[in-house]
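Structure record follows, encoded as structure tokens.
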Protein chains: 2
Amino acid sequence: MKKQPIYDACISKCATNDYIDQIKEHLPSDQLLLELANFFKVFGEHTRIRILSALYQRELCVCDLVEILGMNQSAISHQLRVLRTSKIVRYRKEGKNVYYTLDDEHVYKLLDDGLEHIKENKQ
Amino acid sequence: MKKQPIYDACISKCATNDYIDQIKEHLPSDQLLLELANFFKVFGEHTRIRILSALYQRELCVCDLVEILGMNQSAISHQLRVLRTSKIVRYRKEGKNVYYTLDDEHVYKLLDDGLEHIKENKQ
DNA sequence: TGAACATATGAATATGTGTTCATGTATATA
DNA sequence: TATATACATGAACACATATTCATATGTTCA
């Protein structure tokens, strides 16, 4: 009968090499990596990416997005809130309407790069 | 007493404009946007982004990652599986060890762009 | 060939989160 | 000033998913 291996730490030679410490040192702070994860997480949801794809084309108000996505107004407002909080979209008020746009060039670039990666992996 | 407004469709002038249909037409397919969301979702998790940050520096085996992240081996293997399935990392086997690397330049670029965006928004 | 090691994986659990429903707030207009 | 419209939001619920535990698979080596 096999004994249970214990994984407190890897004891192979690869893990005892010096480069482990160097990698740890050069790693961005956990705080920064958490922010980065939270940033990407916002793009990682179907409804939000649909909203962003629409806003990629032009500024739109909430009722436009309701019409374009064919979804509940509340659902869209909730997701817009997430996008606002993450500073991925901007908004401006005009009368009863609120108009949204993508925040900056980084957002366009990320969407471009993501799509490019997807398309390349299809082949 | 107020009546309940009904949001079957926006009836303001903005939603009845022609550009709504044009935007719908130019939107990538829902299938593609779902794939894009799933792609970004993989980056949107703390443990996975930590793994990717480590692999950004060099090829590493699983036990290296266990050591670097200070986490359960099982947790890391589960996340590596997600990264593999999404074709964000590659792997090669060498004896008992399995070595992982980032899949391609897109992955490096996305991590760069994400970090750049975060840092800019800090100021 | 058996023991130790490196990694993977299924099940269970806990936690996170997207949508809906109900309702609140602000603006325009009759 | 009352009503309709545009949008936001809190609560509840359903569903997704990250981690842990236990264990399986595959490799090396004595």
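- When the side-chain nitrogen and oxygen atoms of K41(B) are compared with OP1 and OP2 of dA16(D), none of them lie within a distance under 4.0 Å.
- Taking side-chain N and O atoms only, R48(B) has no distance below 4.0 Å to OP1 or OP2 of dT17(D).
- For the pair D103(A) and K87(A), the salt-bridge criterion is not met [side-chain N within less than 4.0 Å of a carboxylate O].
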Please test R50(B) against M71(B) for side-chain contact (heavy atoms from CB on, under 4.5 Å), starting from the C-alpha separation and ending with a verdict.
CA-CA 11 Å; R50(B) 290 176 75 212; M71(B) 284 183 66; 3.7 Å; yes
Can you check side-chain contact (heavy atoms from CB on, under 4.5 Å) on R48(A) and L80(A), steps first, answer last?
CA-CA 8 Å; R48(A) 285 194 292 268; L80(A) 284 171; over 6 Å; no
Pull out every protein N or O sitting under 3.5 Å from an N or O of nucleotides 27-30 of chain C, one pair per line with the distance.
none

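- Closest non-hydrogen pair, I88(A) versus V107(A), comes out as O-CG2, 3.8 Å.
- Taking atom CD1 of I76(A) as the reference point, atom P of dA8(D) lies 11 Å away to the nearest angstrom.
- Taking the six-membered ring where tryptophan is involved, the planes of F40(B) and F40(A) are essentially parallel, since the angle between them stays under 30° and well short of 60°.
- Residue contacts for Y91(B): at a heavy-atom cut-off of 4.0 Å it reaches no nucleic acid atom on any strand shown.
- End-to-end axis angle of the helix from dT1(C)-dA30(D) to dA30(C)-dT1(D), using five pairs per end and rounding to 10°, comes to 20°.
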Should Y19(A) and D64(B) be marked as a side chain to side chain donor-acceptor pair (under 3.5 Å) after you check the CA-CA gap, both sets of side-chain angles, and the distance that decides it?
CA-CA 9 Å; Y19(A) 66 80; D64(B) 288 340; 2.8 Å; yes
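- An OP1 or OP2 oxygen of dT19(C) is reached within less than 4.0 angstrom by no side-chain nitrogen or oxygen of R81(A).
- For NZ of K24(B), the number of neighbouring non-hydrogen atoms (other residues, nucleotides, ligands) closer than 6.0 Å is greater than 12.
- D112(B) and Y56(B) share a donor-acceptor pair across their side chains, judged by distance under 3.5 Å alone.
- Of the listed nucleotides (dC21(C), dA8(D), dT19(D)), dT19(D) has the atom at the smallest distance from the side chain of E45(B).
- Between the side chain of Q73(B) and the base of dA8(C), at least one donor-acceptor pair of N or O atoms lies under 3.5 Å.
- Phosphate proximity of dT27(D) to N97(B): absent, as no side-chain N or O sits under 4.0 Å from OP1 or OP2.
- Regarding M71(A), its CE atom lies at a distance of 15 Å from the P atom of dA8(D), rounded to whole Å.
- Residue-level contact check: H78(B) touches the bases, meaning some heavy atom is under 4.0 Å from a base atom.
- Positionally, the nearest nucleotide of DNA chain C for A75(B) lies more toward the 5' end than for the other of N72(A) and A75(B).
- Counting atom types as modelled, S74(A) pairs a side-chain N or O with a base atom of dC21(C) as donor and acceptor under 3.5 Å.
- The one candidate from R92(A), R84(A), R90(A), E59(A) that meets the side-chain hydrogen bond (donor to acceptor under 3.5 Å, both in side chains) condition with Y100(A) is R84(A).
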